[in-house]
2 protein chains.
Amino acid sequence: MALKTSSYLILGLVRGGMNSGYAIKRFIEEQRMSVFWATTFAQIYPELSDLEKAGYLTHREDPHGARPRHAYTLTAKGERALMSWLRRSRIPPMELRDEGLLRLAFADNLSRKEAISLIRRLRARSEEAEREFRESIIPTGEALQALGLRYPLVIGRMGAEYHAWAVKHFTQLEAEVLDDEPR
Amino acid sequence: MALKTSSYLILGLVRGGMNSGYAIKRFIEEQRMSVFWATTFAQIYPELSDLEKAGYLTHREDPHGARPRHAYTLTAKGERALMSWLRRSRIPPMELRDEGLLRLAFADNLSRKEAISLIRRLRARSEEAEREFRESIIPTGEALQALGLRYPLVIGRMGAEYHAWAVKHFTQLEAEVLDDEPR
DNA sequence: GGAAGCATGTAAAGTGTTACATGATTTT
DNA sequence: AAAATCATGTAACACTTTACATGCTTCC
């Protein structure tokens, strides 16, 4: 079985104490890991059982009353796989899909007024994202830091600072477009 | 037929004068539009013929010697569809998939030395991306600006500046990690 | 004459999302 | 008593990538 990136996502989260499918999904959403690696239940549950079949995970039953729950842990093989992935020297290029930037790339088809309105909406999108990072991801990151985990906070700060940068960038772009062909 | 984002990508490029499948692909690669919306021949060719069947495009034969070539143009319906997409008020959230950031999120599992090596490789990746933007995408953007197209250059500059920001960010992060738990 | 680039496509496999399906527990 | 949250999964559909398949033209 060849492991995909989403397999390592799951191994990493199980290693970090998220031992059920539900807990994995919740952590990804709460910590906005979905920003750089989104996933769904329909991927997580089959992947957990595939990883177990292939010997990277084991689980025990961990019911909560009559509600069933599976508590997964890494096997030695799972630990080795996770660590060797983390240590790989090659980092694949990041993949971005952004309809907003795609529309900006075609903004020559728009009137100046319309282009400015698009730029403003792009800025508003980043403003909102920055707020979310500051108000919910960073605080969770700080809580995790108290438990000895530093990198969730590092990622949260990076997200907030990136969007702050984007807001500045779009503000400046708006000024340039307003300025450049005055009429 | 419901149009997807990649349909609009193709409509936008045909509108911009890239009238064959091959020309579309080449422009996406050269102008590194693939950075925010990647695609392949296996998507472009079927999409062109679907868009034609649905009345958004027409083509005429435009052979180059004995080598066949299709020259597509937008129909009135295609123009309307493209413009109404560009003017839509809602901008979907950007989607990022970055194995590098995912590994950084799990860097608590690494030794300090290993974490620093990961951060350095992330910085190197952005350095290289910045260089590519400055050396090839921005110059092409400048050429297009001379033809009255401003936004390809806007996008090129944004890419270069983003990666410059990321380089600074990773440099600072490396210093923090080195500093923080001195041994 | 060979390599690089131009040009169009299909088939199969892989990956990911949405909708569906079910039921228990906790909070309001 | 209802709503929100916890918990696990499947089926169908949509989308994307990789590999294959072919042949012409231009540059060195």
Side-chain angles (χ1 to χ4, degrees), chain A residues 1-10 13-14 18-30 33-54 57 59-72 92-93 95-99 102, chain B residues 1-10 13-14 18-30 33-54 57 59-72 92-93 95-99 102:
Chain A
M1 182 203 186
L3 299 190
K4 331 165 233 178
T5 304
S6 46
S7 316
Y8 293 109
L9 168 63
I10 286 174
L13 289 174
V14 171
M18 270 51 74
N19 53 14
S20 72
Y22 193 86
I24 286 170
K25 183 71 188 332
R26 202 182 30 187
F27 187 86
I28 290 171
E29 298 309 321
E30 263 169 28
M33 289 185 79
S34 51
V35 166
F36 51 88
W37 209 277
T39 191
T40 60
F41 284 131
Q43 277 181 278
I44 292 168
Y45 287 116
E47 186 66 26
L48 279 168
S49 74
D50 290 351
L51 285 169
E52 181 163 32
K53 254 177 240 139
L57 294 174
H59 86 273
R60 59 184 174 77
E61 298 302 322
D62 181 29
H64 194 49
R67 190 203 288 152
R69 184 163 54 176
H70 308 324
Y72 286 89
E95 288 166 48
L96 180 62
R97 299 220 119 185
D98 191 346
E99 199 185 303
L102 186 59
Chain B
M1 183 201 183
L3 299 190
K4 332 165 231 181
T5 304
S6 46
S7 316
Y8 294 109
L9 168 63
I10 286 174
L13 289 174
V14 171
M18 270 51 73
N19 54 13
S20 73
Y22 193 85
I24 288 170
K25 183 70 190 328
R26 202 181 31 186
F27 187 86
I28 291 171
E29 298 309 321
E30 263 170 27
M33 289 184 79
S34 51
V35 165
F36 51 87
W37 209 278
T39 191
T40 60
F41 284 131
Q43 277 181 277
I44 292 168
Y45 287 116
E47 187 66 27
L48 280 168
S49 74
D50 290 351
L51 285 169
E52 182 163 32
K53 254 177 241 142
L57 293 175
H59 86 275
R60 59 182 174 79
E61 297 303 320
D62 179 29
H64 194 49
R67 189 203 289 152
R69 183 164 54 178
H70 308 324
Y72 286 89
E95 287 165 47
L96 180 63
R97 299 219 119 185
D98 191 345
E99 199 185 304
L102 187 58

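The model shown is predicted, which means the values in this text are computed figures rather than measured ones. Letters A, B, ... are given to chains in the order of the sequence lines, protein chains preceding strands, and every chain is numbered from 1.
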Need the bend value for the helix from dG1(C)-dC28(D) to dT28(C)-dA1(D): angle between end axes, 5 pairs each end, nearest 10°.
40°
E52(A) CD - dT8(D) C1' separation (whole Å)
14 Å
Can you check whether L9(B) reaches M33(B) side chain to side chain, under 4.5 Å on heavy atoms?
yes
Min side-chain heavy-atom separation L48(A)-I44(A) under 4.5 Å:
yes
Which whole-number value in Å describes the distance from L51(B) CG to dG9(C) P?
14 Å
Side-chain contact test, heavy atoms from C-beta onward, threshold under 4.5 Å: evaluate it for L51(A) versus L3(A) and give yes or no.
yes
With a cut-off of less than 4.0 Å, is there a side-chain N or O of Y22(A) near OP1 or OP2 of dC6(D)?
yes
Does D62(B) offer a backbone N or O that forms a donor-acceptor pair with the side chain of R69(B) under 3.5 Å?
yes
Can you check the I28(A) CD1 to dA7(D) P distance for me, whole Å?
15 Å
Report the residues that fulfil ring pair (Phe, Tyr, Trp, His ring centres under 6.0 Å) with Y45(B), sequence neighbours left out, ordered by chain and then residue number.
F41(B)
For E52(B) and Y72(B), work out which heavy atoms get closest and say how close.
OE1-CE2, 3.7 Å
First of R26(B) and L48(B) reached from the 5' end of DNA chain C, by closest nucleotide:
R26(B)
Using atom CD of E29(B) as one end and atom C1' of dC6(C) as the other, report the distance to the nearest whole Å.
15 Å
What pairs of nitrogen or oxygen atoms, one from the protein and one from nucleotides 2-4 of chain C, lie under 3.5 Å apart?
none

In whole angstrom, what separates H70(A)'s NE2 from dC6(D)'s C1'?
13 Å
Expressed in angstrom and rounded to an integer, what is the separation of I44(B) atom CD1 from dG9(C) atom P?
12 Å
Could you tell me how far apart N19(B) (CG) and dC6(C) (C1') are, to the nearest whole angstrom?
14 Å
In whole angstroms, how far is the P atom of dC6(D) from the CD1 atom of I24(A)?
15 Å
Could you run down the sub-3.5 Å N/O contacts of the protein with nucleotides 23-25 of chain D?
residue	atom	partner	partner atom	Å
dC24(D)	O2	R67(B)	NE	3.3
dC24(D)	O2	R67(B)	NH2	3.1
dT25(D)	OP1	A66(B)	N	2.5
dT25(D)	O4'	R67(B)	NH2	2.6

Answer with base, sugar-phosphate or nothing: what part of the nucleic acid does S49(B) contact at a heavy-atom distance below 4.0 Å?
nothing
To the closest 0.5 Å, what do you measure between CZ (R97(B)) and CH2 (W37(A))?
4.5 Å
Could you run down the sub-3.5 Å N/O contacts of the protein with nucleotides 17-22 of chain D?
residue	atom	partner	partner atom	Å
dT17(D)	OP2	Q43(B)	OE1	3.4

Could you please name the option among dT8(D), dT8(C), dC15(D) that lies closest to any side-chain atom of R69(A)?
dT8(D)
For residues 20-30 of chain B, which side-chain donor-acceptor pairs fall under 3.5 Å, sequence neighbours excluded?
residue	atom	partner	partner atom	Å
S20(B)	OG	A23(B)	N	3.1

Rounded distance [0.5 Å steps], CD in E95(A) versus OG1 in T5(A)
8.5 Å
Got a donor-acceptor contact below 3.5 angstrom from the E47(B) side chain to the I10(B) backbone?
no
